[in-house]
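Accompanying notes for the structure given below.
Side-chain atoms are counted along with the backbone in the values below, which use heavy atoms only and exclude waters and symmetry mates. Just so you know, ligand 1 is whichever comes first in the structure, and atom 1 is the first atom listed for that ligand. The first residue in the sequence is number 1, and the count goes up from there.
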Amino acid sequence: MSSTKNIENSSFIGPDFYNHVAGKSMYIDDLPVAEGTAFIKIFDAHIAHAKIKSIDFTEAEQSKGVLKIFSYRDIPNQNQIGGIIPDEPLLAEDEVHFWGQPILLVAAESEDEAEEALQKIKIEYEPLPVITNPRVAFQKNKLLSTSRKFKLGNTDTSFANCKYVFEGTADTNGQEHLYLETQGAYAFPTEHNSVKIFSSTQGPTAVQRTIARVLGVGMNQVEVDVPRLGGGFGGKEDQASAYATMTALVAYVLKKPAKIILHRMEDMRMTGKRNPYSSDFKIGLDENFKIKAYEVTFYQNGGAAADLSPAILERTLFHCTNSYFIPNVTAIAHSCKTNLPPNTAFRGFGGPQGMFVIEAAIDFAAKQLGVDTSAIQEKNLVKDGDEFSYGQILKETEATECWQEAKQKFNLEEIKQRVEAFNSSNKFYKKGYSLMPICFGISFTKTMMNQARALVHVYSDGSVGVSTGAVEMGQGVNTKMIQVAAKCFGIPEHKIKLETTNTTRVANTSPSAASSTADLNGKALQNACQQINETLNNFIKEEFKLDELTTISFQNEILFLNEKATEFTWKNIIEKAFFKRKNLSAKGHYATPIIHYDKTIEKGHPFAYHVYGTAITEVTVDCLRGTYEIDAVNVMHDAGASMNLAIDIGQCEGGLVQGIGWMTMEEIVYNEQGKLLSNALSTYKIPDIYAVPKELKIEFLHTAKDNLAILKSKAVGEPPLMYGIGAFFAIRNAVLAFNPNSTIKYCAPITPEKVLMGLYNKS
Ligand code: MTE
Ligand code: HPA
Ligand code: MOS
C-alpha cells in the first residue's frame with residue numbers, strides 16, 4: 001500500500017494514537033465495574049414473525065443470581081424507541097416481527113447467571129407469514145413510510161426522443177457494520193430519580209431522548225457520556241439507543257448500576273444492517289451518448305421498523321444520478337417493511353445504493369452499444385450550473401477535474417492497453433478495469449439537523465478544555481477539533497484537551513454522522529474560540545493601552561502586536577485576564593447557512609457542498625476458480641484543503657476497502673424463515689489485508705475553491721466508500737472478457753460463486 005502524500009507532512013498526531021496502539025484506550029467494557037452491578041442478557045425471538053401465545057419465566061426468575069426479569073410491562077412510561085416514526089417497541093408485546101427481536105431482559109448478578117436463566121424461559125409462538133423480499137412486501141402494500149418521488153424535466157416525452165433506450169434491474173445486498181466494539185452501555189442510578197449512562201453511541205442526544213421517553217422523565221434527568229467508540233459506521237447512529245435504554249431501565253428500576261455488552265453473534269443477529277435494495281431502471285441516450293432521460297424505482301428493504309430507513313431512502317434519491325447531469329429524471333423510492341431486523345445507517349446512508357443503479361444502467365447501455373463504459377460516463381459528468389433532480393444548482397464542481405486528473409496521473413491509456421494485451425495472451429486469467437466517479441452531498445438531508453455547539457474553557461493556567469457534540473469513533477474528529485482550537489488560539493495542540501462527549505456539557509446534539517461531524521462541530525468550536533479571542537483582545541487593548549488599529553494575535557503561544565513578537569505568552573495573558581475577572585469560557589453555536597429543502601415539492605438546496613472523486617480499479621479473475629484479486633485502485637479525491645493528511649488518507653483507504661467488501665465478498669444471507677445464516681465471522685467474510693488492493697494510491701486534487709467546510713478541509717468520512725463500487729464493474733468486465741455471452745447480473749456482491757457461474761453461463 002502506498003500513498004503518494006508523505007504522512008510526515010501531516011500536521012498533528014492526535015491524542016489517542018499511542019493509547020490505541022498500547023491498548024490503553026477505554027471503551028464501555030473497560031470501565032471499572034461498580035459494586036452491585038446488574039448484568040443484562042436479552043431474551044430474543046427465535047422466529048421472524050409470530051404471535052406470542054404464552055411466555056413463562058417463573059422458573060428463570062428463581063434461577064441463581066437473577067435480580068429481576070423485565071418484560072414490556074415493567075416499562076414505566078412508553079415502550080417506544082422509534083426515532084423518526086414511533087413504530088418500534090423496546091421489548092416485544094404480543095407479536096414479534098423479526099428474528100432477534102428483544103422480548104425480555106434478564107438482570108442478574110453475573111453474566112453467566114443471566115445466561116443460565118435465559119435457558120429456563122419458556123415461550124410459545126403462533127407463526128405468521130414471513131416476508132424477507134422488499135418487492136413482495138411492496139406488492140402486499142407493506143410500507144414503512146410514504147413513498148417519495150423526485151422529478152426533473154419530463155421523462156415520458158424525452159424517452160420518445162432518445163435514440164437508445166435500455167431497461168434493466170440492479171440489486172445490492174446489505175452489509176454488516178462489524179464495528180470492533182459491539183453494542184453496549186453502562187448505566188448508573190443518580191440522585192433525584194436520574195440516570196447517567198455511558199454509551200457506545202454516535203447519537204448521545206438520541207440516547208438521552210429515547211431513555212427520557214421510555215422512563216417518563218425529563219431529558220434533564222438523563223446524562224449520556226460517550227468516551228469514544230470502537231467504530232460505528234452508522235450502526236450506532238440509531239441502534240445504540242435500544243441497548244442504552246435497556247441499561248437505563250434496569251438501573252432506574254433496580255437502583256443498581258446496569259451493564260450490557262452484546263456478544264458478537266448476538267450483535268449480528270439482533271441489529272439491522274445496510275439496507276438491501278432491488279431496483280428497476282430505464283435509461284435513454286441520444287446519438288452522441290448524452291444521457292437524456294433516466295427513470296428508476298427503488299425497493300428498499302427496511303426490515304421490521306422504520307429506524308432511519310425513511311431518511312436513507314431520501315439520500316438514495318439525492319444520489320440516484322451520482323455525478324452525472326441528466327436533464328429528465330423520474331426517481332421513485334419505496335421503503336418496504338419486511339421481517340428482518342430494522343435496517344439502518346451505514347457509511348453512505350443510501351447514497352451508495354442509488355449510485356450503484358445508475359452505474360449499472362450506464363454500463364448496461366455501454367455493453368449494448370459496444371462502447372467503453374467510461375466514454376459514456378465521461379460525456380455526462382456534472383458541471384457548474386447543472387441542476388440535480390432535487391433542484392440544487394451545482395457550484396464549485398470538481399467532477400471533471402478529478403476524472404481528467406485521474407486519467408492522466410494514473411495513465412488510463414496504459415491501463416487499457418495492459419488489460420487488452422493481457423487478455424489476448426491469457427486464456428484462464430482475465431483482467432478488467434473500471435472508472436468510478438463519485439459525487440456525495442455534504443449535510444444531513446434534514447436541514448434542521450445541521451447545527452452544533454461547543455463549550456470551551458480556558459483554565460487559569462492557560463490550558464484549554466474543549467467539549468463538542470462530536471463523537472470520536474475512529475474517524476479522527478477529536479484530532480481535528482484540537483487542531484481547530486489550536487489554530488484559533490495560536491497555541492500548540494498539546495495545550496488542548498478534548499473532553500468526552502457529554503449531554504450535560506453540550507446539549508441537543510445531532511448524531512456524529514453524515515460525514516458532517518468535523519464541519520458542524522468544528523465551526524461551533526471556532527465560534528466559541530472567537531468569542532474568547534474577542535474578550536482577550538479587548539482585555540489586551542485595555543491592559544496595554546493600545547489603539548484600536550493594533551493587530552493582536554498569538555503565534556505559538558507568544559503574543560504578537562502588529563505582527564511583532566512581545567515578551568508576553570498566552571499563559572501570562574490568561575493569568576492577567578483571570579485576575580481582572582474576564583470570562584474565559586464560551587459556548588459556540590453553528591447552523592449551516594444557505595441550505596434548505598421543501599419536501600412537499602421535493603426541491604431545494606439540501607447540501608452545503610459536494611465531494612467529488614474518481615477511482616480507477618484493475619482486477620484479475622482466475623477463470624478456472626472464479627476467484628479474483630484487486631490489482632490496483634488509484635483514486636483522485638477532492639479533499640478540499642485537507643487539514644490532516646494522515647486522517648484523510650486513512651479515511652479514503654478505509655472507506656474504499658469497506659466499499660470493496662460490500663461489493664465483492666460480504667454476503668448477508670437470511671433463509672426464507674428470516675433466520676440470519678451469515679451470523680458469525682466464519683460465515684460472513686469481510687475484507688482482510690489480502691483483500692486490500694495490491695496497489696493503492698490516494699491522491700488529493702489540488703484546487704482552492706471556496707466551500708463551507710471547516711478550514712476548507714472537506715468532509716471525508718463516507719464518500720470514499722463509493723469508490724469500492726468500481727470493483728464490481730471491473731470484475732464483471734473481466735468475466736465478460738472470458739465469456740462475452742455471460743448473463744452475470746448487476747447483483748452485488750459479486751462473490752467468487754457468482755463469478756464462477758458467470759464465467760460459464762450462456763445467454
Ligand atoms: N471511520 C472509522 N474509523 N470508524 C467509523 O465508525 N464511520 C464512518 C466514517 N468513518 C467511521 C469512520 C461514517 S458512517 C461516518 S458518517 C463518518 O465517519 C462520521 O464521522 P465524520 O462526520 O467525522 O466524518
Ligand atoms: N446522513 C446520515 N445520517 C443521517 C442523515 C444523513 O443525511 N439524516 C439523518 N441521519
Ligand atoms: Mo454515517 S452512515 O452517516 O454514520
If you take the nearest heavy atom of each of [options], which one is closest to [atom]?
atom	options	value
atom 8 (C) of ligand 1	Glu237, Arg347, Gln658	Arg347
atom 22 (O) of ligand 1	Ile442, Val477, Thr517	Thr517
atom 23 (O) of ligand 1	Gln202, Met473, Gln475	Gln475
atom 9 (C) of ligand 2	Met449, Gln202, Arg315, Arg347	Met449

Give the residue and atom name of whichever protein heavy atom lies nearest to [atom], and the separation in Å to one decimal.
atom	result
atom 5 (C) of ligand 1	Phe233 CE2, 3.2 Å
atom 15 (C) of ligand 1	Glu718 CG, 4.0 Å
atom 6 (O) of ligand 1	Gly232 N, 2.7 Å
atom 10 (N) of ligand 1	Gln651 OE1, 2.7 Å
atom 5 (C) of ligand 2	Phe349 CE2, 3.3 Å
atom 17 (C) of ligand 1	Gly717 CA, 4.0 Å

Sub-4.0 Å atoms of ligand 2 with respect to non-hydrogen atoms of Ala514: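 So the answer, numbered in order with elements, is 1 (N), 2 (C), 6 (C).
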
Taking the six-membered ring for Trp, are [X] and [Y] closer than 6.0 Å centroid to centroid?
X	Y	value
Tyr390	Phe318	yes
Phe728	Phe356	yes
His334	Tyr277	no

Under 3.5 Å side-chain donor-acceptor pair for [X] and [Y]:
X	Y	answer
Asp267	Tyr179	yes
Arg505	Thr500	yes
Tyr609	Asp519	yes
Gln353	Asn275	no
Tyr597	Glu602	yes
Tyr684	Glu666	yes

Charged N to carboxylate O under 4.0 angstrom, [X] versus [Y]?
X	Y	result
Arg148	Glu314	yes
Glu472	Arg228	no
Asp706	Lys712	yes

Ligand 1 N/O within reach of Ser516 N/O, cut-off under 3.5 Å: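 Right, the criterion is met.
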
Gly474-ligand 1 polar pair, N/O distance under 3.5 Å: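 The answer is yes, given that Gly474 and ligand 1 share an N or O pair closer than 3.5 Å.
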
Atoms of ligand 1, numbered as shown, that sit under 4.0 Å from any heavy atom of Ala514: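 It comes down to these atoms of ligand 1: 16 (S).
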
Ligand-side contact atoms (ligand 1) for residue partner Gly234, heavy atom cut-off under 4.0 Å: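 Taking each heavy atom of Gly234 in turn, ligand 1 has 14 (S) under 4.0 Å.
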
Sub-4.0 Å heavy-atom contact, Lys446 with ligand 2: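 No heavy atom of Lys446 comes that close to ligand 2.
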
Pull out every atom of ligand 3 sitting under 4.0 Å from any heavy atom of [X], numbered as shown with elements.
X	value
Phe346	2 (S)
Glu237	3 (O), 4 (O)
Gln202	4 (O)
Gly234	2 (S), 4 (O)

Atom pair CD (Gln183) and CG (Leu262), whose distance is rounded to the nearest 0.5 Å: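 Reported value, rounded in 0.5 Å steps: 6.5 Å.
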
Exercise: identify the closest heavy-atom pair between Ala514 and Glu718: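 So the two residues come closest at C-OE1, 3.0 Å.
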
Polar proximity ligand 3 side, Glu718 side, N/O cut 3.5 Å exclusive: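 N/O-N/O distance under 3.5 Å: yes.
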
Contact (N/O only, under 3.5 Å) between Phe349 and ligand 3: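 No, since none of the N or O atoms of Phe349 sits under 3.5 Å from an N or O of ligand 3.
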
Close approach of Gly231 to ligand 1, heavy atoms, under 4.0 angstrom: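 So Gly231 counts as touching ligand 1.
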
Contact with ligand 1 for Ala715, non-hydrogen, under 4.0 angstrom: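 The answer is no, since Ala715 has no heavy atom less than 4.0 Å from ligand 1.
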
Polar side-chain atom of Thr338 near backbone of Gly303 as donor-acceptor pair, under 3.5 Å: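 At least one qualifying donor-acceptor pair exists.
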
Side-chain (Asn478) to main-chain (Gly14) donor-acceptor, under 3.5 angstrom: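 Checking the backbone N and O of Gly14 against the side chain of Asn478, no donor-acceptor pair under 3.5 Å is found.
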
Residue portion contacting ligand 3 (non-hydrogen atoms closer than 4.0 Å) for Arg347: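 Arg347 to ligand 3: backbone contact only, side chain stays beyond 4.0 Å.
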
Heteroatom proximity flag, Glu237 to ligand 2, N/O under 3.5 Å: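 Yes - when backbone and side-chain N and O of Glu237 are compared with those of ligand 2, one distance drops under 3.5 Å.
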
Proximity to ligand 2 by part of Phe444, non-hydrogen separation under 4.0 Å: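 The answer is both.
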
